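In what follows, a single structure is set out as structure tokens and then discussed.
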Amino acid sequence: MGVWSALRELHLEPEVISGTSIGALIGAFMTQDDYDTAASLWHDVTPDKIMRDGLNFQWQELAKTYRNDRKRILTFTKRYLMNRGADISPLIAQLNANIKPELIRNSPKRFGVVAVELPFFIQRNIEIKKVPESETIDWLLASSAVWPLFPLKTIKRKLYIDGGYKDTLPIKFAFDLGATKVIVVNLFYKINWHPLLNKRNDVVNIEPSWNLGMPFNFNQKSIDRNRSLGYNDAMKKLGGYDGYRYTFYPDYEVAPLSEELRSLIDERHKQLSNAITARLARHTGGSMKPHKIFFRGLEVLAETIKIDPTTIYNVPDIARLCYETIDSHFEIKQIVSLLKKLRGQKPLSDKDERTAIAAIKFTMETHYHERDIIQFAARKATYTIIYLMFTLIYRHFIQHTTPKRGTSI
């Protein structure tokens, strides 16, 4: 849905749509050009709107249900055993109410879905316009029959399951339907297993910059997060926005800052240069450009201190946000305790690590016990990057707008 939102904003209208599973369902709404209905359905989705007595299969939510409402789990299990799969009558009702087979048949777009025929696991590529209108919903359900959770789908005495068991990304099917360039919505984080994803210039792979979490997680906050990430990732691939894991408006020239960051690495941390470069290159798919390494430095800092990745940032704004998020005001005993652990080469807890990151900022500003903190930062490429980023952020975005310590305004 996030990618579709970006396509609409960029006035990119597909002429061919192919989809598997959830891609088949959203593909149907795309074919009938009904973004608003699809958006409203995914804006307020719950397990009960998909399955009778449905469950959220995200582990924490499932554990919560087990603690507070075991009867619901028992009821779901009974229905599952009776139905040989979850009772998806609510999903079927939603599709019958909102999918218009006549609009799909009359659309200028070509639309195909993938299902897998049992028992021999035969992939079936089905162009929806070529089946009777009465079978439209059936083939959408066949393509999205995520067995064993959902029941098998029977069409004309043949059994089908989710097309993802054979082809999660039906790229070739799109070309077979007449596409000349394919934009792929890939839901797999850090998995580029499809043979056509990175080998053709006419395939644009929009992949998640962050792990999207478990399937069948009906937490609205997670759904909204993933939709925002999809929009951001699409705008980075198609709309000229910058960034790798985070997303930046394309209106700030970071080449001089990238050059300065590289100089600091070479001058002060040459022994760690290879490790730092490897850390910066992570999550870039091997496409990190030298004049944009400042973006990756910002991202390493932001992801370490858990800055929200769904927002689209101006570079100065996220730089200041990262800096201001870390509180570098300490009591002496905190600093002494941390220094003892650092000097003793003791492992740090999560709380200690957060304190250490704050100490990096504190030391950068005050030079207090600078040697100890620099030695700590040199333990790990991530810490060195954080130290260097605090240095650059303070120098370029903070120093001239913030009063020095000890002064009053």
Side-chain angles (χ1 to χ4, degrees), residues 1-3 5-6 183-193 197-198 204-214 217 221-255 257-258 261-262 265 275-326 350 353-354 357 380-390 392-393 397:
M1 288 302 303
V3 172
S5 176
I183 297 171
V184 179
V185 185
N186 177 8
L187 301 183
F188 293 94
Y189 174 63
K190 295 175 69 173
I191 301 177
N192 291 333
W193 53 265
L197 270 183
N198 299 309
V204 178
N205 178 25
I206 299 177
E207 58 190 328
S209 51
W210 296 80
N211 192 332
L212 302 183
M214 291 182 62
N217 178 5
K221 185 176 180 180
S222 297
I223 292 170
D224 293 342
R225 168 189 179 270
N226 290 347
R227 184 169 54 232
S228 295
L229 291 175
Y231 173 86
N232 293 355
D233 290 333
M235 293 303 286
K236 282 181 285 192
K237 280 293 178 76
L238 303 170
Y241 284 40
D242 276 312
Y244 299 94
R245 300 198 87 192
Y246 286 78
T247 309
F248 307 99
Y249 290 109
D251 58 359
Y252 195 91
E253 180 53 66
V254 298
L257 290 170
S258 295
L261 175 57
R262 175 50 65 186
I265 294 170
I276 291 171
T277 300
R279 179 63 183 88
L280 291 171
R282 201 182 301 170
H283 302 297
T284 68
S287 63
M288 185 176 71
K289 298 176 174 60
H291 67 284
K292 292 189 175 183
I293 65 167
F294 184 81
F295 282 133
R296 277 300 295 146
L298 263 182
E299 291 181 346
V300 170
L301 173 58
E303 65 196 37
T304 303
I305 63 177
K306 297 179 170 53
I307 298 295
D308 177 20
T310 63
T311 300
I312 301 176
Y313 294 99
N314 291 303
V315 169
D317 290 343
I318 191 174
R320 295 188 190 100
L321 177 62
C322 287
Y323 196 87
E324 293 162 2
T325 295
I326 296 298
D350 289 344
E353 187 170 79
R354 183 83 174 187
I357 292 172
K380 191 174 178 181
T382 298
Y383 298 144
T384 305
I385 293 168
I386 289 171
Y387 183 84
L388 295 176
M389 292 307 301
F390 276 144
L392 291 176
I393 290 171
F397 302 105

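Since the model is a prediction, treat every value here as computed from it, not as a measurement.
- In this structure, Lys221 does not pair ionically with Asp224, as no charged nitrogen and carboxylate oxygen lie closer than 4.0 Å.
- Within the 3.5 Å criterion, the main-chain N or O of Ser209 finds a donor-acceptor partner in the side chain of Arg245.
- Residues Tyr252 and Asp242 are not in side-chain contact: their nearest non-hydrogen atoms beyond the backbone lie 4.5 Å or more apart.
- When every heavy atom of Asn226 is checked against every heavy atom of Leu212, the shortest pair comes out as ND2-O, 3.0 Å.
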Query - Steps toward ring pair (Phe, Tyr, Trp, His ring centres under 6.0 Å) verdict (Tyr249, Tyr241) - result: CA-CA 5 Å; Tyr249 290 109; Tyr241 284 40; 5.6 Å; yes
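- For Gly240 against Pro250, the heavy-atom pair with the smallest separation is O-CB, 3.1 Å.
- Under the 3.5 Å distance criterion, the side-chain polar atoms of Ser5 are left unmatched by any main-chain donor or acceptor of Met1.
- Residue Ile385 forms a side chain to side chain contact (heavy atoms under 4.5 Å, CB included) with just one option from Leu261, Ile276, Ile265, and that option is Ile276.
- One N or O on the side chain of Lys236 and one on the backbone of Tyr244 form a donor-acceptor pair closer than 3.5 Å.
- Judged purely by atom type and a 3.5 angstrom limit, Asn186 has no side-chain atom pairing as donor or acceptor with the backbone of Asn205.
- Side chains of Arg262 and Thr277: a donor on one and an acceptor on the other come within 3.5 Å.
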Report task. Could you go through the salt bridge (Lys or Arg N to Asp or Glu O under 4.0 Å) check for Glu303 and Arg279 one step at a time? Result -> CA-CA 13 Å; Glu303 65 196 37; Arg279 179 63 183 88; 2.8 Å; yes
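- Ring centers of Phe248 and Phe295: under 6.0 Å apart, within the cut-off.
- Side-chain N or O atoms of Arg296 include none that pairs as donor or acceptor with a backbone N or O of His283 at under 3.5 Å.
- Not a single donor-acceptor pair under 3.5 Å links the side chain of Thr310 to the backbone N or O of Arg225.
- Between the Tyr246 side chain and the Ile307 main chain, a donor and an acceptor come within less than 3.5 Å of each other.
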